[in-house]
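See below for the structure under consideration.
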Amino acid sequence: MFDLTTLALPDSLARLRPLLPDPPARVLEVGCGRGALAAELGRLGWQVTGVEPDEEAAALAAKRGVDVLPVPLAEVAATGFDVVLFTRSLHHLPDLDATLADAAGRLRAGGVVVLEEFARERVDAAAAAFLYDAVAVLGAAGMADDESAHPHHAAHAGHAEHVAHPDEADPLRRWQRDRGELSDEPLHTGAAILAGLATLGRPSAVDRHESLWRIVTSRLTGPDEEVAARVAGELRRIERRRIADGSLPAIGFVTSARVTD
């Protein structure tokens, strides 16, 4: 499976840079994963500390030269950061309000919380069909693993294999099941994340954009990196075009909030 963070890095960086203070500002990236974004921000002059409790991912981030703390945010002692950055990690964390308050407590006066996230509740039948149809086509070409369109589904579900389900023929129900919406502890919605962010200070405008292509691309297993990049780019262009003509919702978003006392 490809490291999607590498394929998606240019897109993430282009959207996040306008929300970040200029280098060499201190950045705490919470849930930095394998460290692709943190390493690139460091290369560009930011002082980046990563937080990644998954030991394997933290080790890979460290190999990229990231100063990474392999602990949850609550166990980070350092403060005085200019930015706390969440890149598609906040929706996973169990206590949204406590996490955001903890993030705000790591900032210097006037610091900013920056988010790159997705609003899973905006996925409709058309978006779910686009997602699973794209994965199925790539799977038929021997280029994708179709166990689930969600890259972390097996981990959330507690098993390693995708099991057939009565809702399989209904793309939206399959999406809801794969994303945990039908469980007792669903992932946070985009609306809940934005509401929580607003309690910290005045949020910036919300930039909504394409994000389904990331989920599809995360299933790529067959082609080399050059082919994977072309597939990712074409999927992104198709999704963006369909958002523009109103046939797909924009589920990705970036925003920020400058923390006030």
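The first residue in the sequence is number 1, and the count goes up from there.
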Test side chain to side chain contact (heavy atoms under 4.5 Å, CB included) applied to [X] - qualifying residues, sequence neighbours left out:
X      : value
Asp124 : Ala126, Ala127, Pro249
Asp97  : Asp95
Ala191 : Glu121, Thr189
Arg230 : Glu226, Val227

Quick one: side chains of residues 52-59, donor-acceptor pairs under 3.5 Å with protein atoms, not counting sequence neighbours, listed by atom name and distance.
unit_1, atom_1, unit_2, atom_2, d
Glu52, OE1, Gly33, N, 2.8
Glu52, OE2, Asp54, N, 3.0
Asp54, OD1, Glu56, N, 3.2
Asp54, OD1, Ala57, N, 2.8

Are [X] and [Y] connected in the hydrophobic side-chain network, where two residues link if heavy atoms are under 4.5 Å apart?
X      : Y      : value
Val66  : Leu28  : no
Leu131 : Ile243 : yes
Leu90  : Leu107 : yes
Leu60  : Val48  : no

Checking [X] side chain against [Y] main chain: does a donor-acceptor pair fall under 3.5 Å?
X      : Y      : result
Ser12  : Leu9   : no
His91  : Gly190 : no
Thr217 : Ala232 : no
Arg258 : Gly110 : yes

Can you find a pair of side-chain heavy atoms, one from [X] and one from [Y], that are under 4.5 Å apart?
X      : Y      : result
Pro21  : Val83  : yes
Ile193 : Leu197 : no
Leu187 : Arg120 : yes
Val27  : Val114 : no
Trp46  : Leu85  : no
Leu13  : Leu44  : yes

Quick one: side chains of residues 67-81, donor-acceptor pairs under 3.5 Å with protein atoms, not counting sequence neighbours, listed by atom name and distance.
none

With sequence neighbours left out, what residues match [X] under side-chain hydrogen bond (donor to acceptor under 3.5 Å, both in side chains)?
X      : result
Ser256 : Ser204
Asp207 : Arg15
Thr99  : none

Salt bridge (Lys or Arg N to Asp or Glu O under 4.0 Å) partners of Arg17, counting only residues at least two apart: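 Salt bridge (Lys or Arg N to Asp or Glu O under 4.0 Å) list for Arg17, sorted by chain: empty.
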
To the nearest 0.5 Å, what is the distance between CD1 (Ile215) and CG (Leu235)?
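It comes to 11.5 Å.
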
So which heavy atom on [X] is nearest to which on [Y], and how close?
X      : Y      : value
Val84  : Phe86  : CG1-CE1, 3.7 Å
Pro24  : Gln47  : O-NE2, 2.8 Å
Leu16  : Val254 : CD2-CG1, 4.2 Å
Ile238 : Phe130 : CG2-CE1, 3.8 Å
Ala104 : Leu200 : CB-CD2, 4.1 Å
Ala129 : Pro171 : N-CB, 3.7 Å

- Enumerate the residue pairs fulfilling salt bridge (charged side-chain N to carboxylate O under 4.0 Å, His left out) with a member in residues 236-257, sequence neighbours excluded, ordered by first and then second residue.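 Only Asp11-Arg236, Glu210-Arg236, Glu210-Arg240, Glu234-Arg237 qualify under salt bridge (charged side-chain N to carboxylate O under 4.0 Å, His left out).
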
Restricting to pairs with a member in residues 98-118, which pass salt bridge (charged side-chain N to carboxylate O under 4.0 Å, His left out), not counting sequence neighbours?
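Output for this query lists Asp82-Arg108, Arg88-Glu116, Asp102-Arg106, Glu116-Arg214.
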
